[in-house]
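For this chain, numbers begin at 1 and follow the sequence in order.
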Amino acid sequence: MKTKKDKLDIPQKLGLLCIFSVFLDKAIRGGGLPFDFYYYYPIFLIFLISLPVKGIAIVMPPRWFNIGLLVIILSGVLVTAYKGILGFELIKQVFGILFTAITYYNVIRVFKFDASRIFNYYLVLAFWVALHGVIDNLLHIGGIHLTKALPDGPFQYREYGIMGEPFYLAMAITPAIVYYTCYFKRTWHTAKFKYLVLLACYLVTYSSTAVMGIGLAAFFSLYINDFFNLRRNRIIFAPLFLAPVALLVYYLIENVDLINKRYNDTTSLFLSPEIDVKEAGKSNSSTFALYSNYVIARDSFLDNPLFGSGLGSHPLIYEKTFLKYFPPDYLKGYGAQNQQDANSRFIRLMSETGLVGLLLFLSAVWMFFAPKATIINESTRNLGAINYAIFVYIVLGLIRNGNYINVGFFLFFFLYYVTYKLLTFKKGQASSRRVAQVSGVNRLARV
């Protein structure tokens with residue numbers, strides 16, 4: 001029987017659809033539209049309209065976020081105006097960030113900032129999306145192509161499920177993978193099938209992001225379970241748990257051609273002390289996208305290290321700078337790979353916002369990382385696992401996803417903040433109770 005808490009009102013039902021938007025990364029592009037019209041925009045709009053209709057005020061995100069974003073926007077306006085490139089690209093980014101950030105923050109609010117409940121909804125949706133991906137991949141192997149096939153070898157098909165590309169599918173289910181791995185013992189007893197489905201879907205994306213995600217999931221599983229705590233003497237067992245994961249990662253890198261090529265191409269290019277145009281031309285398209293955007297972003301950063309080239313300017317800088325380093329035939333061979341989002345959030349922030357934007361973002365990520373000392377019972381352990389799961393998602397996005405808003409970024413970002421606040425609040429409550437108990441004992445002792 002459903003309790004009153006379990007019953008969803010209209011704003012919460014629409015909020016649930018907003019949570020599902022994590023998996024709706026596709027957009028209508030071109031066709032006369034001056035911006036990418038994501039499929040979830042109408043859902044967001046209806047959700048926001050439903051709030052005042054139901055007597056609920058629409059609120060802005062936290063002050064720290066608003067101030068940081070205002071600094072980035074104002075500096076972007078000044079820099080792009082000075083460079084003569086102030087225009088729709090900046091307006092487009094500001095609109096997308098504000099619209100998605102306000103929507104997702106109000107989604108969290110209509111669920112009364114219950115981070116565990118919201119994340120549980122996400123876990124359910126992630127499982128069904130992953131199950132679809134696994135079934136779809138098996139059908140591809142069997143020669144039945146209900147979705148577009150992305151073959152990569154005789155029995156390998158890169159899976160993207162209901163999403164736009166395999167990388168986005170891997171990003172979308174990363175928090176679920178990390179969360180279930182943090183609770184590996186419990187997961188294996190109570191949610192084994194869900195975990196294996198998610199892991200299988202993760203692997204058949206054949207994404208280097210998934211390989212990194214598996215390694216980080218294992219690390220945080222050991223971290224939250226005190227295997228790096230010298231006082232608990234568990235650290236001697238850590239290598240036993242890390243060894244199978246290390247072997248799996250090594251196997252994937254060495255035996256899956258797509259992952260192997262990306263790993264080798266990326267490491268050789270980025271470890272080179274100089275820009276290697278010739279080697280870049282031999283690399284795979286994904287590595288070339290990352291490397292070419294890095295080279296262009298580096299120029300933008302060096303030109304104005306404090307504020308960068310301005311919010312939304314990277315595509316414009318890309319067009320002007322590409323031919324400075326790469327021959328025209330590279331554009332024919334690779335196309336303007338990921339020029340809109342720089343292929344990496346770190347690279348894009350470096351390019352468009354400079355040190356100011358990078359430090360603001362990285363400071364928030366560091367500040368809201370849940371301290372291990374706040375995890376004092378099962379309730380806080382759950383919040384800690386969510387916090388660490390989202391941290392891995394943020395790190396992977398910094399490396400390989402330059403889009404500011406897609407794959408539910410602000411939903412996870414604000415949940416990351418809320419879990420931190422809840423953990424510090426619960427620790428404060430526990431400390432207050434201990435102080436009260438000690439004070440009571442002392443008063444009794446004085447009687």
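Atom CG of Leu359 has more than 12 neighbouring heavy atoms from other residues, nucleotides or ligands inside a 6.0 Å radius. Residue Trp128 places its CH2 atom among 12 or fewer non-hydrogen atoms of other residues, nucleotides or ligands, all under 6.0 Å distant. Heavy-atom contacts from other residues, nucleotides or ligands closer than 6.0 Å to OH of Tyr82 number 12 or fewer. The environment of Tyr294 atom OH is sparse: at most 12 non-hydrogen atoms of other residues, nucleotides or ligands sit within 6.0 angstrom.
Looking at Leu14 and Val107, their side chains never come closer than 4.5 Å, going by heavy atoms from C-beta outward. Residues Leu398 and Ile347 are not in side-chain contact: their nearest non-hydrogen atoms beyond the backbone lie 4.5 Å or more apart. The closest side-chain heavy-atom distance from Ser363 to Leu360 is not below 4.5 Å. Side chains of Leu422 and Thr380 form no contact here, defined as non-hydrogen atoms less than 4.5 Å apart. Between His140 and Pro151 the shortest side-chain heavy-atom distance does not fall below 4.5 Å. Here the side chains of Phe99 and Tyr41 are in contact, with some heavy-atom distance below 4.5 Å. Side-chain contact between Ile97 and Phe410: present, with at least one pair of heavy atoms (C-beta onward) separated by less than 4.5 Å. Here the side chains of Ser116 and Leu383 are in contact, with some heavy-atom distance below 4.5 Å.
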Tabulate below the donor-acceptor pairs under 3.5 Å that side-chain atoms of residues 65-76 make, not counting sequence neighbours, or state none.
unit_1, atom_1, unit_2, atom_2, d
Asn66, ND2, Pro61, O, 2.8
Asn66, ND2, Pro62, O, 3.4
Ser75, OG, Val71, O, 3.0
Ser75, OG, Ile72, O, 3.0

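Looking at Tyr40, its side chain never comes within 3.5 Å of a backbone N or O of Lys26 through a donor-acceptor pair. Under the 3.5 Å distance criterion, the side-chain polar atoms of Asn387 are left unmatched by any main-chain donor or acceptor of Thr419. Glu165 contributes no side-chain N or O that, together with a main-chain N or O of Phe167, makes up a donor-acceptor pair within less than 3.5 Å. Proximity of a side-chain donor or acceptor of Tyr160 to a complementary backbone N or O of Lys148 within less than 3.5 Å is detected. In this structure, Tyr393 contributes its side chain and Phe412 its backbone to no donor-acceptor pair below 3.5 Å. Not one N or O on the side chain of Arg400 forms a donor-acceptor pair closer than 3.5 Å with the backbone of Ser208. A distance-only check finds a donor-acceptor pair linking the side chain of Gln12 to the backbone of Val110 [under 3.5 Å]. A donor-acceptor pair is defined here as one N or O able to donate and one able to accept, closer than 3.5 Å; such a pair exists between the side chain of Tyr122 and the backbone of Ala176. Formation of a donor-acceptor pair under 3.5 Å by the Ser351 side chain with backbone atoms of Ala297 is not found in this model. Side-chain atoms of Gln93 do not come within 3.5 Å of backbone N or O of Leu311 as any donor-acceptor pair.
Across Pro166 and Arg158, no two heavy atoms sit closer than the pair CB-NH2, 3.5 Å. Heavy-atom minimum distance, Asn106 versus Ala57: OD1-O, 4.0 Å. Nearest heavy-atom pair across Ile399 and Met212 is CD1-SD, 4.1 Å. When all heavy atoms of Phe47 and Thr103 are compared, the closest pair comes out as CE2-O, 3.7 Å. In plain terms, the two heavy atoms of Arg298 and Met350 that are nearest each other are N-CE, 3.9 Å. The minimum heavy-atom distance linking Ser344 with Leu290 is given by the pair CB-CD1, 3.8 Å.
Side-chain contact annotation: Glu352 with Tyr404, donor-acceptor N/O pair under 3.5 Å present. Residues Tyr388 and Ser221 have side chains that never bring a donor and an acceptor to within less than 3.5 angstrom of each other. If you check the side chains of Tyr121 and Arg117, you find a donor sitting under 3.5 Å from an acceptor. Counted by atom type alone, Tyr179 and Thr187 present zero donor-acceptor pairs between their side chains at under 3.5 Å. In summary, the side chains of Tyr195 and Thr181 do present a donor paired with an acceptor at a separation below 3.5 Å, with no hydrogens or angles considered. Between the side chains of Asn343 and Asn401, no donor-acceptor pair of N or O atoms lies under 3.5 Å.
Residues that satisfy the salt bridge (Lys or Arg N to Asp or Glu O under 4.0 Å) test with Lys372, not counting sequence neighbours, are Asp226.
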Open item on the list: Under the criterion side chain to side chain contact (heavy atoms under 4.5 Å, CB included), I'd like the reasoning laid out for Ser21 against Ile43: C-alpha separation, chi angles, the key distance, then a yes or no.
Closed with: CA-CA 8 Å; Ser21 71; Ile43 299 171; 5.6 Å; no

TODO: Apply side chain to side chain contact (heavy atoms under 4.5 Å, CB included) to Tyr417 and Ile390, showing your working.
DONE: CA-CA 10 Å; Tyr417 161 71; Ile390 297 173; over 6 Å; no

TODO: Evaluate the side chain to side chain donor-acceptor pair (under 3.5 Å) criterion for residues Tyr202 and Thr174: first the C-alpha distance (whole Å), next the side-chain angles of each, then the deciding distance (0.1 Å), finally the verdict.
DONE: CA-CA 8 Å; Tyr202 209 43; Thr174 287; 2.8 Å; yes

Open item on the list: Show, in sequence, the C-alpha distance, side-chain angles and deciding distance for Leu125 and Val22, and conclude whether the side chain to side chain contact (heavy atoms under 4.5 Å, CB included) test is met.
Closed with: CA-CA 9 Å; Leu125 295 170; Val22 170; over 6 Å; no

TODO: Go through Ile162 and Phe23 one step at a time and tell me if the side chain to side chain contact (heavy atoms under 4.5 Å, CB included) criterion holds.
DONE: CA-CA 7 Å; Ile162 66 171; Phe23 308 99; 3.9 Å; yes

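With Leu86 as the fixed residue, the side-chain contact (heavy atoms from CB on, under 4.5 Å) test singles out one of Thr80, Val79, Leu78: Thr80. Tyr420 pairs with exactly one of Phe369, Phe425, Phe368 by the ring-ring contact (aromatic ring centres under 6.0 Å, His included) rule, that one being Phe368.
Taking the six-membered ring for Trp, Tyr105 and Phe414 have ring centres closer than 6.0 Å. If you look at Phe44 and Tyr104, their ring centroids are closer than 6.0 Å. Proximity of the aromatic rings of Phe361 and Phe413 is defined here by a centroid distance below 6.0 angstrom, and this criterion is met.
Between Phe391 and Tyr416, the ring planes lie parallel to each other; the angle is under 30°, not in the 30° to 60° tilted range.
Separation of atoms CD1 (Ile296) and CG (Asp299) is listed at 8.5 Å; rounding is to 0.5 Å. Separating the CD1 atom in Ile10 from the NZ atom in Lys54 is a distance of 4.0 Å, to the nearest 0.5 Å. How far OG of Ser309 is from CD1 of Ile317: 4.5 Å, rounded to the nearest 0.5 Å. Summarising the geometry, atom CZ belonging to Arg348 is positioned 8.5 Å from atom OG belonging to Ser313; distances are rounded to the nearest 0.5 Å.
A cation-pi geometry, defined here as NZ or CZ lying under 6.0 Å from the six-membered ring centre and within 45° of its normal, holds between Arg345 and Phe409.
Comment: Asp303 engages Lys83 in a salt bridge, judged by a side-chain N to carboxylate O separation of less than 4.0 angstrom.
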